[in-house]
Asks: 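Let me give you the structure first, and then I'll get to my questions.
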Amino acid sequence: LIRSAPYLTFFQSLSATSIILIGKIIACCVAFASGGSGGVFAPALVIGGFFGTFWGLLMQFVGFEDNDNYLLFYVLFGMAGVFSSVTRLPLTSVLVVYEMSHTPFTSQLWLTLPMLTCSMLSYFVACWTSGDSLIEKMLHQEGINISAMMDAIQEDLALRVNGSQN
């Protein structure tokens with residue numbers, strides 16, 4: 001983690017985290033806007049990890065947390081929250097982050113409830129601010145209409161059911 005480097009002061013680590021976070025968000029936006037695929041899974045986890053690091057460092061500065069071990073929890077919560085808001089899959093985001101961070105320090109089950117709370121909150125905020133997930137927006141950018149596909153599947157299913165009854 002950036003904060004664990006002994007030669008960095010608090011403000012240097014906070015500014016380095018914010019620069020990396022902003023740079024990664026800009027890079028993902030440029031990749032998405034240009035039509036290229038920068039991925040969804042890894043960028044969401046990286047952005048979430050750096051957002052959690054930034055938030056944890058800010059909480060240390062304010063005085064809420066004085067232990068560096070809590071910074072890891074903020075990283076995990078940030079990863080789960082951003083991944084949940086991007087994919088619109090809150091439970092999956094908790095499971096993915098929990099499985100990826102399975103170390104003796106973070107393998108306690110009590111982490112799942114705060115991570116689930118964080119991912120559900122980010123899910124509701126993302127649904128409130130934007131109706132579609134990033135994957136649906138990427139498909140729409142490629143000219144693929146999900147609702148039209150679902151309508152066609154339902155019509156096909158209705159025809160098959162009506163055909164089998166005759």
Side-chain angles (χ1 to χ4, degrees), residues 1-139 141:
L1 296 175
I2 292 178
R3 179 69 176 127
S4 64
Y7 52 87
L8 291 178
T9 66
F10 174 78
F11 290 108
Q12 287 174 334
S13 60
L14 189 65
S15 62
T17 302
S18 61
I19 288 171
I20 293 172
L21 177 64
I22 292 169
K24 184 64 176 171
I25 290 172
I26 290 171
C28 289
C29 289
V30 167
F32 178 69
S34 68
S37 177
V40 174
F41 185 77
L45 291 174
V46 169
I47 289 171
F50 276 107
F51 181 74
T53 303
F54 179 79
W55 189 257
L57 289 172
L58 202 59
M59 289 297 110
Q60 282 182 345
F61 176 71
V62 172
F64 286 122
E65 303 295 341
D66 58 353
N67 190 352
D68 282 340
N69 293 334
Y70 286 106
L71 190 59
L72 178 62
F73 298 143
Y74 284 110
V75 171
L76 296 177
F77 298 156
M79 290 170 70
V82 171
F83 189 70
S84 173
S85 67
V86 167
T87 61
R88 303 296 202 278
L89 301 168
L91 186 58
T92 304
S93 69
V94 171
L95 293 175
V96 165
V97 171
Y98 183 78
E99 285 295 320
M100 288 177 55
S101 66
H102 192 71
T103 62
F105 184 63
T106 60
S107 66
Q108 297 133 359
L109 282 174
W110 67 269
L111 284 174
T112 56
L113 186 60
M115 265 198 290
L116 186 61
T117 303
C118 179
S119 68
M120 288 300 294
L121 182 64
S122 68
Y123 168 76
F124 288 129
V125 168
C127 287
W128 180 56
T129 58
S130 172
D132 296 333
S133 70
L134 182 63
I135 296 170
E136 291 171 341
K137 289 179 182 178
M138 290 174 77
L139 289 174
Q141 184 178 355

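Just so it is clear, the model here is predicted, and its values are computed rather than measured.
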Asks: How far does CE of Met100 sit from CG of Leu95, to the nearest 0.5 angstrom?
Replies: 13.0 Å

Asks: Ignoring hydrogens, what is the shortest heavy-atom contact between Ser119 and Ala80? Give both atom names and the distance.
Replies: CB-O, 3.8 Å

Asks: Atom CG in Leu113, atom OG1 in Thr117: separation rounded to 0.5 Å?
Replies: 4.5 Å

Asks: Between atom CZ of Phe54 and atom CG of Leu57, what is the distance when rounded to the nearest 0.5 Å?
Replies: 8.5 Å

Asks: Thr53 and Val75: which non-hydrogen atoms are nearest, and at how many Å?
Replies: OG1-CG2, 3.2 Å

Asks: Step by step, work out the side-chain contact (heavy atoms from CB on, under 4.5 Å) result for Thr87 and Thr92.
Replies: CA-CA 9 Å; Thr87 61; Thr92 304; over 6 Å; no

Asks: Hey, could you give me the CG/SG distance between Leu76 and Cys118, rounded to the nearest 0.5 Å?
Replies: 10.5 Å

Asks: Would you be so kind as to tabulate the donor-acceptor pairs closer than 3.5 Å made by side chains of residues 41-51, with sequence neighbours excluded?
Replies:
none

Asks: Output, in order, the C-alpha distance, side-chain angles, deciding distance and verdict of side-chain contact (heavy atoms from CB on, under 4.5 Å) for Arg88 and Ser130.
Replies: CA-CA 11 Å; Arg88 303 296 202 278; Ser130 172; 3.9 Å; yes

Asks: Where does the angle between the aromatic ring planes of Tyr74 and Phe77 fall among parallel (under 30°), tilted (30 to 60°) and perpendicular (over 60°)?
Replies: perpendicular

Asks: Could you tell me whether the side chain of Ser84 and the main chain of Gly81 form a donor-acceptor pair under 3.5 Å?
Replies: no

Asks: Nearest 0.5 Å please: distance from the CG atom of Leu116 over to the CG atom of Leu121.
Replies: 11.0 Å

